Protein chains: 2
Amino acid sequence: MATGRSHRPATRSRGIPEATVARLPLYLRALTALSERSVPTVSSEELAAAAGVNSAKLRKDFSYLGSYGTRGVGYDVEYLVYQISRELGLTQDWPVVIVGIGNLGAALANYGGFASRGFRVAALLDADTALAGRLVAGLPVRHIDELESIVADNQVSIGVIATPAGAAQEVTDRLVAAGVTSILNFAPTVLSVPDGVDVRKVDLSIELQILAFHEQRKAGEDDRQEPDGDVPAVMPA
Amino acid sequence: MATGRSHRPATRSRGIPEATVARLPLYLRALTALSERSVPTVSSEELAAAAGVNSAKLRKDFSYLGSYGTRGVGYDVEYLVYQISRELGLTQDWPVVIVGIGNLGAALANYGGFASRGFRVAALLDADTALAGRLVAGLPVRHIDELESIVADNQVSIGVIATPAGAAQEVTDRLVAAGVTSILNFAPTVLSVPDGVDVRKVDLSIELQILAFHEQRKAGEDDRQEPDGDVPAVMPA
DNA sequence: ATGTCTTTGTGAACGCGTGCACAAAGATGG
DNA sequence: CCATCTTTGTGCACGCGTTCACAAAGACAT
Ligand SMILES: NC(=O)c1ccc[n+]([C@@H]2O[C@H](COP(=O)([O-])OP(=O)(O)OC[C@H]3O[C@@H](n4cnc5c(N)ncnc54)[C@H](O)[C@@H]3O)[C@@H](O)[C@H]2O)c1
Ligand SMILES: NC(=O)c1ccc[n+]([C@@H]2O[C@H](COP(=O)([O-])OP(=O)(O)OC[C@H]3O[C@@H](n4cnc5c(N)ncnc54)[C@H](O)[C@@H]3O)[C@@H](O)[C@H]2O)c1
């Protein structure tokens, strides 16, 4: 920034593009790997390759955080790890509850990548009374009725939903009412939440269908023989 | 649209925006639910609400598929289900292999949403010989060395990776060499693949970090007290 | 100190995606 | 057959994200 460069960017943290935010964890992962190998500095070109993005995009992304690079040298790995961690809010602990401890919920509870980045599993919740008390990943499964008190006592602001789709909205409503303002949803449903609550979804089925679309296209490129006549008799009114 | 409308859109399937493709599964899910309730037609407004998108966006999305609606009435549910299914390539069967049958892999194998949409689990693969032969979701776990023959024999074109990050690239290379051209990656690593191979990733850790970013911002809105002085002595060279 | 060489930070152009707003299509009722 | 009313399909404008390309910053050697 040539014109009027201030020492403290202060309120620049506002206005980081969403697309950039989504890439910061990617950079952070690559930087952490470099850090573990004691690499002191890295160029935008190298880091971009490691993160699988365009180097100009990476530099622009970092420019939103401030001028943390040194021309002719690159970026200081440790410093950048710290800056990105701080920007993402990973320098503090985030208590998380997982609701629905079935196949997926149990796998999530066992996932090591949780704790590694400031996320702490505060509790595992399930409606099934037969599960109550059973240990999963070293934590006892608690009954869903304890949701409200657990969220309040642990100041949980992030909830993970791994219940069947039919229960997801109800669980969401309870989480939100209890004070949770961020939800990661694994159930294949659209959740409605009030303003101020963020929802992100992970949907295996959707990802596969997108892959299938492109796969079909690839197959169609070569042998262009449409199976025609397959069209059902139903036509739009 | 009005000018020269042909009966068979034929090669219009080319040129569907990626953003639209990503939403088609969402529409399909909502439509399937309507179909099960025997709802004959639905307006763009209603369907958009069910899918959680803007109605104009939905209409534009459908316009890429063709003119399947009736003005004044809406869309024929059954017909639209068929058209979207066909567009996504779900009218055919997609054999899929899952590699890495640990916590997550087992959960994926047990996932019902797999088979429900034309995806068939052709095999479960793992490097752990102790797992070989054990039944998971009714299927025996096969040893990773069978990968090549299984992919070839079943004409598998989609692979799901649920191994530790360290093994993901190696597994990818073997899958690609064997003929797989679409990969869904659950391991937290950037995969490199040759042109013509699609990779989509699902990364819990990234999703949580994005939520944490917004969560931190929300918290900062009210009590704006930056913990300053927290900055480490490390400065960029 | 000066020159060279590397690499950042960003201006600018472009393309994609989104959403408004409305004309036209077509159903429905008289 | 005509009028009215609903809802689609899309032209258009706008904003965001991506990428190129390059001036300038700064390291490093002499
Ligand atoms: N398993 C997967 O790989 C996978 C993949 C993608 C999506 N999903 C989705 O994730 C969700 C969970 O999948 P799963 O395979 O673990 O299912 P599951 O049936 O094994 O587990 C669901 C758990 O949720 C609990 N539950 C039900 N209603 C509840 C409620 N109201 N409150 C709290 N807990 C409740 C059940 O007791 C059960 O333990 C489903 O919506 C599924 O579609 C799963
Ligand atoms: N568990 C989760 O909820 C979760 C969430 C997000 C991401 N992930 C990621 O998914 C992956 C799997 O997680 P997990 O919890 O199931 O781990 P896990 O250790 O339980 O399972 C990994 C499995 O992969 C097998 N494996 C190792 N090397 C292999 C190879 N070269 N070829 C074939 N199989 C091999 C192992 O034998 C093991 O069975 C990890 O990369 C993890 O980071 C897991």
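In what follows, chains are A, B, ... by sequence order, proteins preceding strands, each numbered from 1. Fair warning: this is a prediction, and the values are worked out from it, not measured in the lab.
Considering only the side chain of A:K60, D:dT19 comes nearest among D:dT19, D:dG9, C:dC20. For A:T70, counting side-chain heavy atoms from C-beta on, the closest listed nucleotide (D:dG26, C:dT18, C:dG26) is D:dG26. Checking C:dG9, C:dT18, D:dG9 against the side-chain heavy atoms of B:K57 singles out C:dT18 as nearest.
The phosphate of C:dG17 (OP1 or OP2) has no side-chain N or O of B:N54 nearer than 4.0 angstrom. Applying the 4.0 Å criterion to OP1 and OP2 of D:dG9, one finds that B:Y75 has a side-chain N or O inside that range. Within the structure, every side-chain polar atom (N or O) of B:R59 is placed at least 4.0 Å from both OP1 and OP2 of C:dT18. The side chain of B:S44 places an N or O atom within less than 4.0 Å of a non-bridging phosphate oxygen (OP1 or OP2) of D:dT8.
Among the atoms of the strands shown, only primed sugar atoms or phosphate atoms (P, OP1, OP2) are found under 4.0 Å from some heavy atom of A:A19.
No donor-acceptor contact under 3.5 Å links the side chain of A:R71 to the base of C:dT7.
Atom C1' of nucleotide C:dG9 and atom CZ of A:F62 are separated by 13 Å, given to the nearest angstrom. Remark: P of C:dG17 and CD of A:E18 are 17 Å apart, rounded to the nearest angstrom. If you measure from atom CD of A:E45 to atom P of C:dT8, you get 8 Å, rounded to the nearest angstrom. Per the geometry, CD belonging to B:E46 stands 14 Å off P belonging to D:dT6, to the nearest Å. When rounded to the nearest whole Å, the span between CD1 of B:I16 and C1' of C:dG17 equals 15 Å. One can place OH of A:Y64 at 10 Å from P of D:dC16, the figure rounded to the nearest angstrom. Atom OH of A:Y68 and atom C1' of D:dA25 are 18 Å apart (whole Å).
Taking the centre of each ring, A:Y79 and A:Y68 come in below the 6.0 Å mark.
Judged by distance alone, the side chains of B:E46 and B:S43 do bring a donor and an acceptor atom under 3.5 Å apart. Between the side chains of B:R86 and B:T91, not a single donor N or O lies within less than 3.5 Å of an accepting N or O.
If A:G72 and B:G74 are placed on DNA chain D by their nearest nucleotide, the residue sitting closer to the 5' end is B:G74.
Within a 6.0 Å sphere centred on CD of B:E18, other residues, nucleotides and ligands contribute more than 12 heavy atoms.
The minimum heavy-atom distance between B:E87 and B:L65, with the atom names listed, is CG-CD2, 3.6 Å.
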